[in-house]
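Working notes for the structure below.
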Protein chains: 2
Amino acid sequence: MVSPVYLRIVEDIKKKINSAELKPGDTVPSEKALCDEYGASRMTVRKGLAVLANEGYIYSIPGKGNFVRKPELNKYTIYYDEKNNSINSVDQTKLLEVNIIMPDEKLASDLQITKNKNVIMIRRLFYTDGAPVAYDVKYLLYQKGMPIVEKEIEHATFPEMLSKKVPLFALKKELVIYSAVPGDDIKRYLNIYDGLALLVVEQKLYNTENKPMGLGITYYRGDYIKLQGISE
Amino acid sequence: MVSPVYLRIVEDIKKKINSAELKPGDTVPSEKALCDEYGASRMTVRKGLAVLANEGYIYSIPGKGNFVRKPELNKYTIYYDEKNNSINSVDQTKLLEVNIIMPDEKLASDLQITKNKNVIMIRRLFYTDGAPVAYDVKYLLYQKGMPIVEKEIEHATFPEMLSKKVPLFALKKELVIYSAVPGDDIKRYLNIYDGLALLVVEQKLYNTENKPMGLGITYYRGDYIKLQGISE
DNA sequence: TAGTGGTCTAGACCACCGT
DNA sequence: CGGTGGTCTAGACCACTAC
């Protein structure tokens with residue numbers, strides 16, 4: 001068997017879609033027709049169609065047929081790790097502060113808690129080649145038995161900080177990316193004397209019930225970081 | 001039949017993974033064992049496992065078994081459309097220039113062409129509520145028969161500009177996101193008088209052979225745009 | 001050799017859609 | 001009603017892994 005029948009079906013239909021022989025909205029030949037065309041059983045044909053559906057090429061409407069999907073022109077995948085990006089990576093971390101605080105209005109609202117709940121605040125500086133490149137603040141819901149071990153915190157990424165408490169599979173995450181002009185404190189931390197801009201990345205972690213578990217904000221020197229996204 | 005057997009298998013195993021009863025690297029019960037447990041045929045069990053594999057929960061090694069995958073902690077999905085973002089959206093577009101140019105060194109290298117090839121340059125301004133919010137430049141490989149119709153170009157997103165030439169399914173795309181301080185020309189275009197930072201998004205489009213088809217750079221006022229990414 | 005997953009068949013019954 | 005996709009079965013043969 002050179003390549004499985006179902007993969008040949010996949011490749012053939014992909015080719016037809018990529019060459020515009022099949023256009024978005026068109027119906028793919030029916031399962032019966034494909035069975036005849038390839039001399040295959042229906043389960044084999046359906047396996048091929050399932051692959052195409054998973055990769056976003058087609059969708060099916062029961063009772064009607066399989067149809068070519070409109071491509072997701074706006075969808076990108078981005079791999080973000082606060083200490084690594086496409087042009088540089090952090091090689092040193094300095095823990096500025098670990099503290100338990102009471103949240104202010106905005107933080108309480110971001111974390112969906114009341115203002116009398118305890119929050120762990122972690123402030124760090126990231127360095128590359130000895131120079132400070134990012135200022136990082138994390139806020140984590142304080143939970144009994146939460147290990148606040150400085151050694152563990154200093155070098156951890158945000159999801160890792162929760163790994164003792166939550167199975168990482170159960171984490172939902174959200175990024176918000178924007179640019180800003182640094183305030184005086186951040187200018188001092190990052191040795192910025194001129195008009196350098198910041199790239200700011202906010203990270204929010206949620207548990208499976210969509211309850212916020214933590215908020216992280218990382219302020220990068222604009223000349224340090226580029227984020228990269230790719231389609232597919 | 002309340003819910004299909006294969007989905008019950010999926011849900012049960014997901015629960016075990018999310019509750020850490022099954023940890024990354026653990027083996028999922030063998031297909032035979034699941035057949036017995038659910039009184040189902042092997043194809044049904046395999047369908048359930050296929051769903052879990054597609055969603056990134058498990059992977060399989062032929063001859064050995066199915067295993068729980070380490071979650072992709074750094075992966076986010078971002079929907080980027082140069083005219084829409086999570087806090088605002090463009091409601092007006094002004095075409096500044098459409099021209100055919102010869103690329104300079106850097107552009108020729110970005111587009112992987114020689115400097116004597118023609119390139120279409122499109123410059124636009126984006127407005128929200130009457131105020132300019134972004135300056136946008138696109139470079140497209142010039143190809144014979146390429147329709148340069150101003151009406152089509154003025155309001156199109158980048159992938160749409162190529163839709164006459166390339167089936168959109170065949171497009172690969174890449175984003176690069178960074179912050180910058182505006183130069184004088186961009187300050188003028190965007191009515192920036194103070195120290196406002198820019199968020200810059202570069203978009204590259206490739207055909208299926210990974211040949212660059214175009215480069216787009218959009219300079220957003222930092223107070224205008226936030227990009228948002230989500231896990232899953 | 002026994003156990004695992006990968007591919008495949010030739011049927012079946014069901015729900016849904018359109019005529 | 002006939003055609004479509006959705007679910008499911010009870011087998012089969014294969015390649016790979018581990019002992």
Side-chain angles (χ1 to χ4, degrees), chain A residues 1-17 21-72 169, chain B residues 1-17 21-72 169:
Chain A
M1 195 178 315
V2 193
S3 86
V5 178
Y6 80 93
L7 279 184
R8 276 178 30 224
I9 299 177
V10 169
E11 292 312 320
D12 288 353
I13 295 182
K14 269 192 192 175
K15 258 179 219 148
K16 287 182 185 166
I17 293 176
E21 186 179 334
L22 283 172
K23 284 179 272 296
D26 287 359
T27 83
V28 176
S30 77
E31 297 178 357
K32 172 78 170 56
L34 291 170
C35 289
D36 296 346
E37 183 181 343
Y38 289 90
S41 79
R42 205 173 144 223
M43 286 306 264
T44 300
V45 167
R46 282 180 61 74
K47 173 141 188 178
L49 295 175
V51 171
L52 289 166
N54 272 315
E55 297 185 3
Y57 282 84
I58 65 173
Y59 62 96
S60 67
I61 302 180
K64 298 188 76 173
N66 286 284
F67 301 86
V68 178
R69 191 189 290 279
K70 273 205 300 290
E72 284 257 39
F169 242 115
Chain B
M1 194 180 314
V2 193
S3 86
V5 177
Y6 80 92
L7 280 184
R8 276 178 30 225
I9 299 178
V10 168
E11 293 312 319
D12 287 354
I13 296 182
K14 270 192 192 175
K15 257 179 219 149
K16 287 182 185 166
I17 293 177
E21 186 179 333
L22 283 172
K23 284 179 272 294
D26 287 359
T27 83
V28 175
S30 77
E31 296 178 357
K32 172 81 170 54
L34 291 170
C35 289
D36 296 346
E37 183 180 344
Y38 289 90
S41 80
R42 200 167 149 229
M43 285 306 263
T44 300
V45 167
R46 280 180 63 74
K47 172 140 189 177
L49 295 175
V51 171
L52 289 166
N54 272 315
E55 296 184 4
Y57 282 85
I58 66 173
Y59 61 96
S60 67
I61 302 180
K64 297 189 77 173
N66 286 285
F67 301 86
V68 178
R69 190 188 290 280
K70 272 206 300 291
E72 283 257 40
F169 242 114

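Computed from a predicted model, the values in this text were never measured in an experiment. Note on naming: letters A, B, ... go to the chains in the order of the sequence lines (proteins, then strands), and numbering restarts at 1 for each one.
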Report yes if a side-chain nitrogen or oxygen of B:S60 is closer than 4.0 Å to either non-bridging phosphate oxygen (OP1 or OP2) of C:dG6; otherwise report no. yes

What salt bridge (Lys or Arg N to Asp or Glu O under 4.0 Å) pairs are there with at least one residue in residues 62-72 of chain A, not counting sequence neighbours? none

Contacts of A:D26 meeting salt bridge (charged side-chain N to carboxylate O under 4.0 Å, His left out) (sequence neighbours excluded), chain-then-number -> none

Between B:N66 and C:dT4, does any side-chain N or O lie under 4.0 Å from OP1 or OP2? no

Listed in order of residue number, which residues of residues 7-17 of chain A have a non-hydrogen atom at under 4.0 Å from DNA chain D? none

Quick one: list whatever passes side-chain contact (heavy atoms from CB on, under 4.5 Å) with B:S60, sequence neighbours left out. B:N66

Every protein N/O lying under 3.5 Å from an N/O of nucleotides 9-14 of chain C:
{"unit_1": "C:dT9", "atom_1": "OP2", "unit_2": "A:S41", "atom_2": "N", "d": "2.7"}
{"unit_1": "C:dT9", "atom_1": "OP2", "unit_2": "A:S41", "atom_2": "OG", "d": "3.0"}
{"unit_1": "C:dT9", "atom_1": "OP2", "unit_2": "A:T44", "atom_2": "OG1", "d": "2.6"}
{"unit_1": "C:dA12", "atom_1": "N6", "unit_2": "A:R42", "atom_2": "NH1", "d": "3.3"}

Between N or O atoms, less than 3.5 Å apart, protein on one side and nucleotides 14-19 of chain D on the other: list the pairs.
{"unit_1": "D:dA18", "atom_1": "OP1", "unit_2": "B:K64", "atom_2": "NZ", "d": "3.1"}

Qualifying salt bridge (Lys or Arg N to Asp or Glu O under 4.0 Å) pairs, either residue in residues 48-59 of chain B, two or more places apart: B:K14-B:E55

Go through the structure and list residues passing side-chain contact (heavy atoms from CB on, under 4.5 Å) with B:A50, not counting sequence neighbours. none

B:A53: partners by side-chain contact (heavy atoms from CB on, under 4.5 Å), with sequence neighbours left out: B:I58

CG (B:N54) and CG (A:N54) are apart, to the nearest 0.5 Å, by 3.5 Å

What ring pair (Phe, Tyr, Trp, His ring centres under 6.0 Å) pairs are there with at least one residue in residues 39-62 of chain B, not counting sequence neighbours? A:F169-B:Y57, B:Y59-B:F67

CD1 on A:I9 to CG on A:L52, rounded to 0.5 Å: 9.0 Å

Expressed as a whole number of angstroms, how long is the span from A:R46:CZ to C:dT7:C1'? 16 Å

Using the side chain to side chain contact (heavy atoms under 4.5 Å, CB included) rule, take A:V68 and A:I13 through it: C-alpha gap first, then chi angles, then the decisive distance, then the call. CA-CA 10 Å; A:V68 178; A:I13 295 182; over 6 Å; no

When the distance from NZ of B:K47 to P of C:dT7 is rounded to whole Å, what number comes out? 15 Å

I want to check one thing: is the phosphate of D:dT7, taken as OP1 and OP2, less than 4.0 Å away from some side-chain N or O of B:Y6? yes

Can you tell me the distance, in whole Å, between the CG atom of A:D36 and the P atom of D:dG3? 12 Å

Among the nucleotides D:dT4, C:dG5, D:dT7, whichever has the atom closest to the side chain of A:S30 is D:dT4

Which side-chain N or O atoms in residues 34-48 of chain A pair as donor and acceptor under 3.5 Å with protein atoms at least two apart or in another chain?
{"unit_1": "A:D36", "atom_1": "OD2", "unit_2": "A:K32", "atom_2": "NZ", "d": "3.0"}
{"unit_1": "A:Y38", "atom_1": "OH", "unit_2": "A:D12", "atom_2": "OD2", "d": "2.6"}
{"unit_1": "A:S41", "atom_1": "OG", "unit_2": "A:T44", "atom_2": "OG1", "d": "3.4"}
{"unit_1": "A:R42", "atom_1": "NE", "unit_2": "A:E31", "atom_2": "OE1", "d": "2.8"}
{"unit_1": "A:R42", "atom_1": "NH2", "unit_2": "A:E31", "atom_2": "OE1", "d": "3.0"}
{"unit_1": "A:R46", "atom_1": "NH1", "unit_2": "A:E31", "atom_2": "OE2", "d": "2.8"}

Determine which bases of DNA chain C form Watson-Crick or G-U wobble pairs with both distances under 3.5 Å, and write the result as a 5' to 3' dot-bracket string with | for other-strand partners. ||||||||||||||||||.

